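Take a look at the structure set out below.
Source: prediction; values computed, not measured. Both ligands and their constituent atoms are indexed starting at 1 by order of listing.
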Amino acid sequence: MKPTLIFLLLLPFLHAVELDTISNSQFLTDGDTLVSPAGIFELGFFRPGSSENRYLGIWYKKVPDTVLWVANRNHPITGASPVILKVDNPGILILSNNIITLWSSNTTNPSQNATATVHDNGNLVLMDQQDKIIWQSFDYLTDTLLPGMKLGRSFLSGIEWQLTSWKNNQDPSPGEFTWGADQDSLGYSENKLKQGPSVTFRGGPWSNQRFSGVSTFDMNLTFEYEVVLNASEVSFSYVIYDSPIISRVTLNSSGQLQSWVWIENGRKWQLALAFPREICDSYNVCSGYASCSLDMIQQSCACLDDKRFVPGNPKSWERADWSGGCVEYRYEPISDTSMS
Ligand SMILES: *[C@@H]1O[C@H](CO)[C@@H](O)[C@H](O)[C@H]1NC(C)=O
Ligand SMILES: *[C@@H]1O[C@H](CO)[C@@H](O)[C@H](O)[C@H]1NC(C)=O
Ligand SMILES: *[C@@H]1O[C@H](CO)[C@@H](O)[C@H](O)[C@H]1NC(C)=O
Ligand SMILES: *[C@@H]1O[C@H](CO)[C@@H](O)[C@H](O)[C@H]1NC(C)=O
Ligand SMILES: *[C@@H]1O[C@H](CO)[C@@H](O)[C@H](O)[C@H]1NC(C)=O
């Protein structure tokens, strides 16, 4: 037999397997992937950029080059040794090279015969035999927030949901920047961007709202934020309505939060929003009689002279909506305070 023929005969056996479940008896090995029921998300092994190291990650099945979550970001798989991912009793996801464990899930309530699947929202979940979630990747965010993921804190588990940037494009280990939740002096939750221990930007207090009008491209997006503050958690999450789109919010390695939308026809990511830098860069963000600065801890915009000018719409101003600008302070209400 000619070598090429042998190769062709072997091909079907080398072909990657798409699993829907991982268990104690069904493992994920190199080249295989674990796919969500509707085929939206995929978990598998990847190499970032030109790095030789391998990692276990999740991506949109249609966009395999953009990794959204990394399991072993601190413990790369080096060398070519084969690795497997399996669910070990009692209910722990284990990534190993058959000699040592490279990464494992931090399962707090382990349970026998658990199984792992990827949901159609991108959550890798480990479930016990009663289908109760005993561990989920949405509790351990990396640099990307997907619709339905939460930022904030769980008072029950003590877990803090925050984004941490990659070191660089070749290295998903934690970089300098984090984006999470903080409480302001009045007890309201707000987003904070930190570089190391110091806060470099605050996003203004959270509130439930819809915000639309992102129209840098031929699509209308309506984001809706959900804020939860109750005895079990304080959290912030978002969904995008009106279009079945592929999107992500990523904290990049230079500390910029970028909102991306996948353009199917062009087969590329389109930047929809980026901040904080571009908050000040964008035209007239603070509107009349106000100035923009990233050095201000509380908010980006301030009235030029706080004795002469006050926010035109104080309520919106507090929510980081500066479109009302500042207006001259008057004792008597005046009918037309609009600025041109
Ligand atoms: C594992 O979970 C516990 C309890 O939620 C937490 O305190 C600990 O930091 C976690 N460890 C890792 C490596 O995530
Ligand atoms: C786990 O699965 C094995 C094999 O199917 C079974 O024998 C065992 O009873 C199961 N354990 C539990 C706690 O259900
Ligand atoms: C976006 O919304 C505007 C106003 O509602 C509408 O005129 C336009 O057709 C919409 N564009 C798309 C691509 O849906
Ligand atoms: C808090 O809100 C979350 C999300 O809606 C919900 O799952 C949880 O049960 C709530 N906790 C309490 C104590 O109400
Ligand atoms: C991070 O995002 C900003 C703003 O979109 C961009 O200018 C910068 O090049 C990005 N950095 C990296 C490392 O991709």
Side-chain angles (χ1 to χ4, degrees), residues 21-26 48-51 65-68 86-92 107 109-116 121 123 125-134 136 138-139 142-145 147-159 161 163-179 181 189 193 195 200-201 206 208 214 216-217 224-239 247-261 268-282 285 294 300:
T21 307
I22 301 175
S23 67
N24 197 16
S25 55
Q26 187 158 26
S50 55
S51 171
D65 292 339
T66 306
V67 175
L68 310 164
K86 64 174 175 179
V87 180
D88 247 9
N89 274 324
I92 296 170
T107 313
N109 297 308
S111 167
Q112 296 290 319
N113 298 348
T115 53
N121 59 0
N123 196 5
V125 302
L126 196 56
M127 282 178 302
D128 67 12
Q129 292 179 104
Q130 283 75 47
D131 288 346
K132 191 172 146 273
I133 294 176
I134 56 174
Q136 56 181 340
F138 273 22
D139 279 339
T142 57
D143 68 336
T144 299
L145 192 72
M149 272 184 176
K150 289 172 177 178
L151 285 179
R153 190 172 296 125
S154 163
F155 301 128
L156 301 178
S157 65
I159 292 174
W161 300 301
L163 301 182
T164 310
S165 61
W166 285 26
K167 225 169 217 141
N168 56 55
N169 291 341
Q170 328 283 328
D171 182 359
S173 68
E176 282 183 274
F177 297 95
T178 59
W179 176 257
S189 288
L193 176 67
Q195 180 170 19
T200 60
F201 179 77
W206 288 352
N208 280 306
V214 179
T216 46
F217 41 93
E224 190 166 290
Y225 302 123
E226 192 191 8
V227 174
V228 174
L229 178 55
N230 64 23
S232 44
E233 68 187 56
V234 50
S235 71
F236 167 92
S237 59
Y238 76 100
V239 288
S247 70
R248 66 188 163 100
V249 171
T250 299
L251 177 62
N252 80 10
S253 49
S254 30
Q256 296 287 303
L257 209 61
Q258 301 169 306
S259 167
W260 297 94
V261 174
K268 60 162 190 168
W269 289 106
Q270 166 77 50
L271 191 62
L273 290 169
F275 54 102
R277 178 173 303 142
E278 288 170 22
I279 279 192
C280 283
D281 288 351
S282 65
V285 63
L294 292 181
S300 296

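In this structure, CG on L126 lies 9.5 Å from CD1 on I133, to the nearest 0.5 angstrom.
Scanning both residues, T66 and W269, for their nearest heavy atoms gives OG1-NE1, 2.8 Å. Counting all heavy atoms, side chain and backbone alike, S23 lies closest to T115 at CB-CG2, 4.1 Å. The two residues N168 and Q170 make their nearest non-hydrogen contact at OD1-N, 2.8 Å. Taking all atoms of both residues into account, the shortest heavy-atom contact from I22 to K86 is CG2-CA, 3.8 Å.
Those atoms of ligand 5 that come under 4.0 Å of a heavy atom in S253, given as number and element, are 13 (C). In the vicinity of S254, heavy-atom distances shorter than 4.0 Å reach the ligand 5 atoms 1 (C), 8 (C), 10 (C), 11 (N), 12 (C), 13 (C). For ligand 4 and V228, the ligand atoms under 4.0 Å from any heavy atom of the residue are 1 (C), 2 (O).
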Write 'none' if nothing qualifies; otherwise put on separate lines each N/O atom of ligand 2 with a protein N/O atom under 3.5 Å away and their distance to 0.1 Å.
unit_1, atom_1, unit_2, atom_2, d
ligand 2, 2 (O), N113, OD1, 3.2
ligand 2, 2 (O), N113, ND2, 2.2
ligand 2, 11 (N), N113, ND2, 3.0
ligand 2, 14 (O), Q129, OE1, 3.4
ligand 2, 14 (O), Q129, NE2, 2.9

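Residue-to-ligand polar distances place N252 within reach of ligand 5: an N/O pair is separated by less than 3.5 Å. Considering both main-chain and side-chain atoms, N169 never comes within under 3.5 Å of ligand 5 through any nitrogen or oxygen pair. Between N230 and ligand 4, at least one pair of N/O atoms sits closer than 3.5 Å. Checked against a 3.5 angstrom limit, the closest N/O atoms of S232 and ligand 4 fall inside it.
With sequence neighbours left out, the side-chain hydrogen bond (donor to acceptor under 3.5 Å, both in side chains) criterion links Q130 to no other residue.
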query = Which is it for N121 and F138 under the side chain to side chain contact (heavy atoms under 4.5 Å, CB included) test, yes or no, and what are the steps along the way?
reply = CA-CA 10 Å; N121 59 0; F138 273 22; 3.7 Å; yes
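Looking at T164 and F177, their side chains never come closer than 4.5 Å, going by heavy atoms from C-beta outward. Looking only at side-chain heavy atoms (C-beta outward), L151 and L163 come within less than 4.5 Å of each other.
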